[in-house]
Number of protein chains: 2
Amino acid sequence: MSKENVPVAEIKEYLKRSGINPSYHRLRIFEYLLKHRTHPTVEMIYKDISKEIPTLSKTTIYNTLNLFLNKKIVLGLTIEENELRYDSDTRPHAHFKCIACGQVYDVDLKSPLFERQMIEGHEITECHIYFKGICRKCLKKRKLQK
Amino acid sequence: MSKENVPVAEIKEYLKRSGINPSYHRLRIFEYLLKHRTHPTVEMIYKDISKEIPTLSKTTIYNTLNLFLNKKIVLGLTIEENELRYDSDTRPHAHFKCIACGQVYDVDLKSPLFERQMIEGHEITECHIYFKGICRKCLKKRKLQK
DNA sequence: GTATCTGCAAAACATTTGCAATTCT
DNA sequence: AGAATTGCAAATGTTTTGCAGATAC
């Protein structure tokens, strides 16, 4: 799923279709991923959602995200060691991480690499393309400072 | 550096040129990375080298590898969460991880992505391409079992 | 003898696990 | 009630840090 404003009923249906019982917490966490396209970490999700649901525990977020990963409705991004990030957009696309501000951007890249079935005799099931550098925003800031 | 059998004197020179004082441990660790092109984790390096140097500590391996990363003579691969792997070949190339046996292979891929300077307004300094799937060896094994 | 290098032990994190409490139907 | 869900607290595993001792020049 990739759009930003999806009605709750539709999310519910989507979870059910994916074999996931749409409990309140699961719904809220998936909704959060749809709304916040910043590839959040567990920490970020916890910080934000627990403002509205103070009883929510990190364990539940871990449980839920692992469930989502198993059912393949989110992607796990390991663009940087020691922080797993999550993306509700499971279509092939690339990622860009800014080494200045840390933000991870989606990059809509059409590459034949995503279509490849084999490489050097290995059978490919997943392809991840990660870029690092300075993002648009940080570049602008630096220019202004000069 | 990318070849497998490099004389120690040459490694020493390479470290010096990179601004690294070539202590015995550093030499041995870099030599290990050159010889073992399996993108080892700290654990693997420790296990193997400490057989010959029983006094070697993991802290030293972490210190040394972080030094190598800073001086950019090794690449850190975060193809899978919870395990940072190291590669002494800093030329642009892709990586393939077998989801059956866990081995990480180098893939000699010529892609224009490695040459890109900008994408969607972001300035690119690094490009990582990761594949996952079943490797050549594991595919063969599966065929034999049938 | 002063810098650097090394390594222990503790700390800092992220993530997982066991199990008990809670909720849903 | 019975099954699924949640959440605390403890365990696990990786990496970092503080600092003291060893080594090198």
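Every chain is numbered from 1, with letters handed out A, B, ... down the list of sequences.
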(request) Check the angle between the aromatic planes of B:His122 and A:Phe96 and answer parallel, tilted or perpendicular using the 30° and 60° thresholds. (result)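 Rings of B:His122 and A:Phe96: parallel, as their planes differ by under 30°.
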
(message) Here's a test for you: under side-chain contact (heavy atoms from CB on, under 4.5 Å), which of B:Thr41, B:Val104, B:Leu77 qualifies with B:Glu83?
(response)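 Going through the options one by one, the only one that passes is B:Thr41.
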
Could you work out which one of [options] sits closest to the side chain of [X]?
X: B:Arg26; options: C:dT6, D:dG7, D:dT16; result: C:dT6
X: B:Ser57; options: C:dG7, D:dT15, D:dT6; result: C:dG7
X: A:Thr59; options: D:dG7, C:dA9, D:dA4; result: D:dG7

(request) Return the value, rounded to whole Å, for the distance between atom NE2 of A:His25 and atom P of C:dA21. (result)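 Checked: the NE2 to P distance equals 19 Å.
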
(message) Considering every strand and a 4.0 Å limit on heavy-atom distances, what is the contact class for A:Ser23: base, sugar-phosphate, or nothing?
(response)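 Sugar-phosphate, backbone atoms only, no base.
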
(message) Once you apply a heavy-atom cut-off of 4.0 Å, does A:Thr41 come out as touching a base, just sugar-phosphate, or nothing?
(response)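 The residue A:Thr41 makes no contact with any strand.
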
(request) State whether A:Tyr62 places a side-chain N or O below 4.0 Å from either non-bridging phosphate oxygen (OP1 or OP2) of C:dT15. (result)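 Affirmative; the distance criterion is met.
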
(message) Does D:dT5 have its OP1 or OP2 closer than 4.0 Å to a side-chain nitrogen or oxygen of A:Asn21?
(response)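 So the side-chain polar atoms of A:Asn21 do come within 4.0 Å of the phosphate oxygens OP1 or OP2 of D:dT5, strictly under.
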
(request) Would you mind reporting whether A:Ser57 and A:Thr60 have side-chain heavy atoms less than 4.5 Å apart? (result)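 The answer is yes, as the side chains (C-beta and beyond) meet within the 4.5 Å cut-off.
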
(request) Identify which one of B:Phe30, B:Tyr86, B:Tyr14 satisfies the ring pair (Phe, Tyr, Trp, His ring centres under 6.0 Å) criterion when paired with B:Phe68. (result)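 In the set B:Phe30, B:Tyr86, B:Tyr14, the residue that makes a ring pair (Phe, Tyr, Trp, His ring centres under 6.0 Å) with B:Phe68 is B:Phe30.
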
